Structures are given as structure tokens and as C-alpha cells.
K.L.:
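There's a structure below that I have some questions on.
Chain naming here is simple, since letters A, B, ... match the order of the sequence lines and numbering starts at 1 in each. Note that these values count all heavy atoms, side chains included, but never hydrogens, waters or copies made by symmetry. Model, not experiment: these values are computed from the prediction.
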There are 2 protein chains.
Amino acid sequence: MGSGRPTIHDVAARAGVSKSLVSLALRGSPRVSEESRAAILAAAADLGYRPNAAARSLAVRRSRTVGVLILDLHNPVFPEILDGVQDALRTNGFSTMLVTGGSDPALQQSEVESLLQFQVEGLILISHRLAPEVLRAIAAEVPTVVVTRSDVPGTRIDTVSNDDLVGAGLAVDHLVALGHRRIACLSGGDNPVSRARVQGYETAMERHGLGRLVRTVPGGLTDTAGHDAARSALGTGTGPAPTALFVANDMAALGAVAAVQELGLRVPDDVSVVGYDGIAMGGLRSVDLTTVAQPLGEMGETAARSLIHRIEHPRARARHVTLTPRLAVRGTTAPVAAAGS
Amino acid sequence: MGSGRPTIHDVAARAGVSKSLVSLALRGSPRVSEESRAAILAAAADLGYRPNAAARSLAVRRSRTVGVLILDLHNPVFPEILDGVQDALRTNGFSTMLVTGGSDPALQQSEVESLLQFQVEGLILISHRLAPEVLRAIAAEVPTVVVTRSDVPGTRIDTVSNDDLVGAGLAVDHLVALGHRRIACLSGGDNPVSRARVQGYETAMERHGLGRLVRTVPGGLTDTAGHDAARSALGTGTGPAPTALFVANDMAALGAVAAVQELGLRVPDDVSVVGYDGIAMGGLRSVDLTTVAQPLGEMGETAARSLIHRIEHPRARARHVTLTPRLAVRGTTAPVAAAGS
DNA sequence: CACGATCGTTGGAACGTTCCAACAGGGAAA
DNA sequence: TTTCCCTGTTGGAACGTTCCAACGATCGTG
């Protein structure tokens with residue numbers, strides 16, 4: 001007593017009832033008389049009583065908390081997914097414990113470890129870098145949902161991702177409809193997501209009878225990677241320059257736009273650029289990037305709902321949800337210039 | 001046993017020792033014999049034992065966890081502060097519990113409430129919207145540090161912020177050195193931070209003998225607010241147009257850049273623009289915004305260190321740290337055009 | 001008028017950990 | 001030999017909550 005936070009015992013003593021009744025009353029049980037309830041509530045308010053979540057979770061053996069591991073808060077894609085996650089969790093009475101592990105797999109693993117020590121009931125991994133066997137071991141202990149990647153083996157792990165093949169097709173369709181034919185693809189490097197986007201691009205080009213004009217330039221997922229890839233795509237010596245660029249993600253697309261401008265060309269008059277992701281920043285007036293927008297918030301919500309389902313039905317089979325992206329047409333695409341340059 | 005996670009008792013049974021000795025061994029006490037230690041470690045590994053943080057925190061009455069409330073993960077300033085916070089906390093053996101409350105004060109309060117239920121030992125508020133009396137009540141219960149705002153009353157709350165007056169001065173000095181005289185300020189609206197930046201602008205203008213040319217245009221902290229404010233600043237009818245804009249933050253500055261271009265003017269040839277904050281996105285090639293950069297990571301680290309100090313010395317007085325920003329000169333500022341337009 | 005049912009209330013056990021006082025055994029000192 | 005002190009180990013209490021079996025009082029019913 002006295003020292004430290006007030007406990008349920010202190011409230012009981014002040015209200016003149018037993019600790020059990022306080023517990024009942026505070027959780028809104030109907031079988032508590034009106035007077036007792038009023039006295040207890042008053043006592044709790046007087047003392048500034050606040051339930052101890054650690055003690056509760058110990059007693060009920062449930063923490064009502066889920067852990068979220070996020071790769072990198074700097075890439076604006078992730079906060080938007082997170083919004084959806086938190087909304088859905090909150091409305092279902094779960095708390096969120098958020099950690100970031102950077103891109104270091106070991107650090108990520110230790111962060112997940114500490115989430116598990118806190119007895120989280122489930123895990124949402126927003127774009128992790130964990131080794132497959134580590135991931136599998138984790139998923140064996142606690143329901144796990146992976147967002148953004150769908151290359152996860154095993155049936156104990158739910159996944160939520162967007163359909164990169166369809167998305168890349170949307171971009172190509174849009175450009176073709178604007179009259180473009182020489183459409184280059186700046187790839188995002190050697191990871192499953194980027195590979196799928198490149199493949200979607202190639203398939204769509206074939207579908208439009210442009211298979212011979214397929215041109216994929218190796219790149220990466222950052223600003224500078226996009227910049228460099230665009231320079232090499234537009235560089236001289238390799239036949240006629242492309243009139244449009246499909247870039248693996250928005251960050252790289254922004255770099256590509258800068259490169260185009262540095263080369264003395266205009267976007268979109270001389271070269272159209274389409275990104276991928278739909279980050280909010282792409283919608284800023286001074287950026288105004290045409291892009292394939294993933295339903296980021298919806299992906300987050302879906303992930304949270306899948307997880308809750310698995311928590312409530314531990315024997316349920318894993319679900320793999322693929323959502324469909326949509327094209328956001330903005331200012332970096334335009335009909336192909338009348339005269340070939 | 002059997003069902004659920006293995007506990008310290010299971011480990012003890014398997015290693016053939018008492019639970020107390022397991023506890024000792026796992027925490028690395030020197031007074032455990034080598035054989036016992038080895039047997040215990042082996043048993044723990046076999047069972048996949050993981051300590052229960054809730055039970056520990058109940059027993060030792062310390063959670064070794066700090067709560068972090070972040071206003072908005074979408075504004076890129078905050079993740080960068082957060083990086084510094086997490087680094088410093090991690091190296092001092094604290095876990096982080098991160099929540100976001102959006103801009104709704106009630107929601108923020110309930111998120112803080114749930115942090116307190118988890119028995120966090122301290123709180124870092126990265127730009128909150130809590131009412132002063134709520135804030136004070138919270139700080140009375142648990143050590144609290146506020147980052148970004150320095151207008152907090154009471155001596156029980158530490159603050160970490162940057163010196164907005166000096167920062168605004170840096171921007172004005174830079175523009176004046178480039179030959180600009182008609183420098184307008186696009187304000188960030190009615191909040192303490194924005195007011196300080198405007199005041200710093202005015203003071204600096206006076207200092208350069210440009211007091212008569214002070215011109216403050218009401219604006220806000222978003223892309224569109226900056227856009228609209230820039231349009232009205234550059235609009236006709238109010239004497240000669242400014243040749244440079246000092247904008248309350250980077251997001252608004254990006255909107256201002258877009259507005260300048262829409263008006264058929266070039267940045268920086270016709271109009272120079274300086275932002276404030278130093279978000280990473282401002283450094284992207286296609287953006288390349290000159291700005292007053294706050295030492296964001298350092299602010300986060302300082303906040304974490306202040307908090308840890310207060311946790312370890314509960315009677316310590318609150319510290320109010322003000323860090324100095326630096327100017328990042330990039331592509332949106334240039335010498336004033338030779339001929340007045 | 002005794003009986004069981006209902007209502008509101010209660011103490012004790014449990015959750016998994018840490019801490020503390022106390023233990024046995026062996027060696028050194030008396 | 002007895003005493004004392006180490007070293008390594010142990011059981012029980014505590015942390016703050018929830019759950020459960022059981023309590024006494026009041027009520028209606030036969």
C-alpha cells in the first residue's frame with residue numbers, strides 16, 4: 001500500500017468490499033449491486049487506479065496484444081499499411097506493439113524475440129528479412145501474417161500482398177493506350193516482388209504485340225537506383241530511346257523523373273514515367289506521379305483481420321490474400337509526342 | 001506443463017534442479033556450478049523456453065519498457081526522430097512500445113492510457129496534441145519527455161526541441177547573402193512551433209535592415225496549404241512580388257514550389273524557396289529542396305537519454321534541451337536574378 | 001415452515017517470475 | 001572434535017490480477 005501505484009486491494013479497502021468484487025465491478029459484471037458498483041467506481045477514480053496489464057495477462061494467460069514488425073518506417077509505404085493494421089486491431093480490442101528492426105536480419109530476429117517474451121498473441125511482419133527457417137520456427141509458435149511478400153513457404157503463415165502481375169499490366173495498358181510502344185522497364189533488383197513486376201510488364205507487352213520492344217534495365221528500389229537506371233535506359237547507342245518508363249517502385253520512379261529532366265527532356269512531354277506503390281508523397285503537387293497504387297490501408301486491415309481470425313481459430317488454415325492494385329493517373333504520363341525525336 | 005509454453009518449472013524439472021536455480025542461472029549469476037549451468041541451459045534450449053516478460057515485470061516491479069507516442073507516421077520528420085530514440089533505448093536495455101494516436105486528442109489520451117497499463121517506466125511524446133492538464137497529470141505519474149514542442153508548462157516534463165528562431169535566421173541570412181531582399185514568409189498556422197519560426201524570420205529581417213520588407217502570409221503545414229499560401233504571396237496587386245519564400249516546413253515548401261511552377265515561374269531562377277525540417281525526401285534528386293535541417297536523430301537520442309536519466313534519478317529536475325539546426329543548401333535557392341521583373 | 005433457488009459477495013488458488021531466508025555439505029580454523 | 005564459514009542449492013512468499021467454489025441472506029414455493 002502507500003508506496004507505488006494503487007492496486008485492486010487498495011480500491012477494495014477504500015470501497016469496503018473484497019478485491020474479487022472490485023474485479024467483477026470493473027469488468028462490468030451484471031451481478032454486482034448498484035451501491036457496490038458506485039462505491040467501487042468512486043474509490044477507483046479517487047485513487048487514480050489503473051489496472052496492471054502484466055498481472056492481468058498473467059492471470060488470464062492472454063495478452064490481447066499483437067506484435068508488428070516493420071522493415072523501415074522511412075519508406076512511406078509502410079506507415080500506410082500500418083494505419084490499416086492498427087485500425088483493425090484497435091476495433092477488435094487488441095493493442096499493438098510495434099518494433100522496427102531495420103534491414104539487419106539478426107536485429108529483426110531479436111526484436112521478434114522480445115515481442116514473443118511479451119506474450120503477443122500474434123505477429124504481423126510488414127516486409128521482413130528473416131531467413132525462411134527462422135520464420136517457420138516463429139510461425140510454429142504464434143499465428144503469423146506476412147504482408148507484402150507472398151513467397152513464404154509453409155501453410156502456417158498467412159500472407160497479404162498485391163497482384164504485381166496485374167499491376168504491371170495496368171501500367172503497360174495505360175501507356176499503350178496513350179500511344180506508347182517503346183516502353184522500357186526499370187527493374188527493382190533481385191527480390192521476389194520486383195521480379196514479379198518485371199514479369200508482369202513482359203507479359204503485358206507480349207499481349208499488346210510489343211514483345212520485340214521489351215527492354216528491361218537493371219535497377220533498384222531507391223531514388224538513386226532509379227536515377228541511374230533511367231540514365232542508362234535513355235542513353236545513346238542502343239537504338240531509339242524509349243518514350244515511356246515503367247519503374248519498379250515510386251521512390252525509384254522519382255529518381256527516374258529527375259534523370260529525365262537532367263538529360264534536358266521533359267516529363268511527360270518527351271518521356272512518360274509510371275511508378276508502383278502509390279505512396280502519398282507521389283500525390284503531392286510538385287511530384288504528381290502516375291503510379292500503380294496498391295491498396296495499402298486495405299492490405300493492412302486484411303492482415304489484421306486474418307491474424308485475428310487465426311488467433312480465434314488456431315486450427316484454421318492459412319489464407320493467402322492477393323489484392324488488386326489500381327492505376328492512379330497523374331501528371332507524369334501523357335500521349336506520345338506526334339513526331340518521333 | 002504439457003499444454004502451453006514451457007515455464008521455468010519445466011526447465012527445472014528437466015534439468016533436475018529447483019526453479020530458483022534456473023532463475024539464477026538464466027540471469028547469469030556467478031554462484032551456480034558449471035554442471036548445473038550447463039544442464040539448465042541445455043534443458044532451456046531443448047524446450048524452447050522463453051521467459052515471460054509479464055511475470056518478470058510483475059515480480060521485479062519494473063518493466064524496462066518505455067512508451068513512445070508519435071503524432072503521425074506519415075510526416076517523415078517523425079520516423080527520423082524515432083530512429084534516434086530507439087537506438088538510444090536499445091543500447092540501454094529498454095524495450096520500446098510505440099503507439100500512434102493520430103491527431104485526435106482523445107485517441108491519443110487513450111493510447112497513453114494503455115501504455116501506462118503496460119507499466120511503462122517512462123513516456124516519450126513526439127509532438128502530441130494533449131491538453132496541458134492531461135499532460136501534467138500524466139507527467140505526475142511517470143517520467144515524461146516531450147520532443148518538438150518546448151511550450152510545456154511545469155518542471156516535471158523534459159523537453160527536446162530545435163531552436164526555431166536561430167533556424168529561421170539561418171534561412172534569411174542565406175537568402176540575403178544571395179542578394180534577395182523581398183523575402184516573404186509563408187507561416188505554418190497557429191501553433192507554437194510555427195509562431196517561433198515566423199518570429200525568427202522577422203527578427204532576422206530587421207537585423208539585415210529589411211524590416212520594411214517583412215511580409216508574412218498565413219499558411220499551414222501541409223502540401224496544399226503551402227501551395228495556396230505561395231499563390232497568394234506571388235499574386236498580383238500587392239506591390240512587387242517576392243523573389244524568395246521562406247516556408248514554415250518542408251511539406252508546405254514542396255507545395256509552394258509547385259505553385260511557383262504553375263504560375264509560369266522557375267525555381268530557383270525566378271523564385272528561391274527555403275523549407276524547414278530537413279526531411280529525407282527533400283534530398284531526393286527530383287525534389288532537391290534547400291531547407292533548415294533539424295538534427296532529427298540527435299533530438300531523438302537526446303530525448304531517450306533524458307528519459308533514462310529521469311527514470312534512474314526520479315528526483316532529478318527536468319531538462320530543457322534546445323539543439324541548433326543547420327542549413328542544407330540545395331537546388332531551390334539561387335542568387336537573385338540580375339534584372340528586377 | 002422447511003426447502004431449494006437466486007442474488008450478491010467472499011477467500012483462496014493460480015498464473016510465471018524474482019527475491020529472501022535458510023538449508024546441507026565440506027573444508028579450515030579453533 | 002567442535003565451531004565457523006564458505007559454496008551451491010532450495011522452498012516459500014510476493015507481485016496484481018482473474019477464476020472458482022462456496023458462503024449467507026432473501027425469496028418464493030410446496
K.L.:
Check the pair B:I70, B:L82 against side chain to side chain contact (heavy atoms under 4.5 Å, CB included), reporting the backbone distance first and the verdict last.
P.N.:
CA-CA 8 Å; B:I70 207 159; B:L82 186 63; 4.2 Å; yes
K.L.:
When you match B:A55 and B:R27 each to their closest nucleotide on DNA chain C, which lands nearer the 5' end?
P.N.:
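Its nucleotide being nearer the 5' end, the pick is B:A55.
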K.L.:
Would you kindly give the CG-to-P distance between A:L58 and D:dT17, to the nearest whole Å?
P.N.:
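Taking atom P of D:dT17 as the reference, CG of A:L58 is at 12 Å.
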K.L.:
Could you tell me the separation between the CG atom of A:D104 and the OG atom of A:S110, rounded to the nearest 0.5 Å?
P.N.:
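If I round to the nearest 0.5 Å, the distance is 8.5 Å.
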K.L.:
Could you check how far CZ of B:R56 sits from P of C:dT17, rounded to whole Å?
P.N.:
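Answer to the nearest Å: 8 Å.
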K.L.:
Could you give the distance from CG (B:L107) to CZ (A:R90), rounded to the nearest 0.5 Å?
P.N.:
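Answer rounded to 0.5 Å: 4.5 Å.
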K.L.:
Before you tell me yes or no, could you show the steps for A:E34 and A:R37 under salt bridge (charged side-chain N to carboxylate O under 4.0 Å, His left out), namely the whole-Å CA-CA distance, both residues' side-chain angles and the distance that decides it to 0.1 Å?
P.N.:
CA-CA 5 Å; A:E34 268 319 311; A:R37 181 188 310 284; 3.6 Å; yes
K.L.:
Note the angle between the end axes of the helix from C:dC1-D:dG30 to C:dA30-D:dT1, five pairs defining each, rounded to 10 degrees.
P.N.:
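Taking the rotation axis at each end, their angle is 70°.
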K.L.:
From CZ of A:R61 over to P of C:dC15, roughly how many Å is that when rounded to an integer?
P.N.:
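Nearest whole value for this atom pair: 6 Å.
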K.L.:
What do the steps show when you test A:I308 against A:L89 for side chain to side chain contact (heavy atoms under 4.5 Å, CB included), and what is the final call?
P.N.:
CA-CA 8 Å; A:I308 292 169; A:L89 289 178; 4.1 Å; yes
K.L.:
Give a yes or no on whether the backbone of B:L98 and the side-chain of B:T96 come within a donor-acceptor separation of less than 3.5 Å.
P.N.:
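No, the answer is negative, given that no donor and acceptor are paired below the 3.5 Å cut-off.
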K.L.:
For each nucleotide in nucleotides 6-12 of chain C, reading 5' to 3', give B when a protein heavy atom comes within less than 4.0 Å of its base, S when such contact involves only the sugar-phosphate, and - otherwise.
P.N.:
--SBBBB
K.L.:
Using salt bridge (charged side-chain N to carboxylate O under 4.0 Å, His left out) as the criterion, list what pairs up with B:R56, not counting sequence neighbours.
P.N.:
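Testing B:R56 for salt bridge (charged side-chain N to carboxylate O under 4.0 Å, His left out), a comparison that skips the adjacent residues, returns none.
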K.L.:
Can you tell me the distance, in whole Å, between the CZ atom of A:R64 and the P atom of D:dT17?
P.N.:
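Rounding to the nearest Å, CZ of A:R64 and P of D:dT17 are 19 Å apart.
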K.L.:
Output the rounded distance in Å from CZ (A:R62) to P (D:dC19).
P.N.:
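Distance check: A:R62 CZ to D:dC19 P gives 11 Å.
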K.L.:
Specify the separation, in whole Å, of atom CD of A:Q119 and atom C1' of D:dT17.
P.N.:
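Atom CD in A:Q119 sits about 15 Å away from atom C1' in D:dT17.
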K.L.:
What is the distance, rounded to the nearest whole Å, between atom NE2 of B:H9 and atom P of D:dT10?
P.N.:
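After rounding, the gap between these two atoms is 13 Å.
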K.L.:
Are the side chains of A:Q294 and A:L323 in contact, using a 4.5 Å heavy-atom criterion?
P.N.:
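In short, these two side chains do not touch, never coming nearer than 4.5 Å.
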K.L.:
Please give, in whole Å, the distance from C:dG16 P to B:R5 CZ?
P.N.:
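So the CZ-P distance, B:R5 to C:dG16, works out to 11 Å.
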K.L.:
Is the shortest distance from a Lys or Arg side-chain nitrogen in A:R61 or A:E121 to a carboxylate oxygen in the other one below 4.0 Å?
P.N.:
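Salt bridge flag = no for A:E121 with A:R61.
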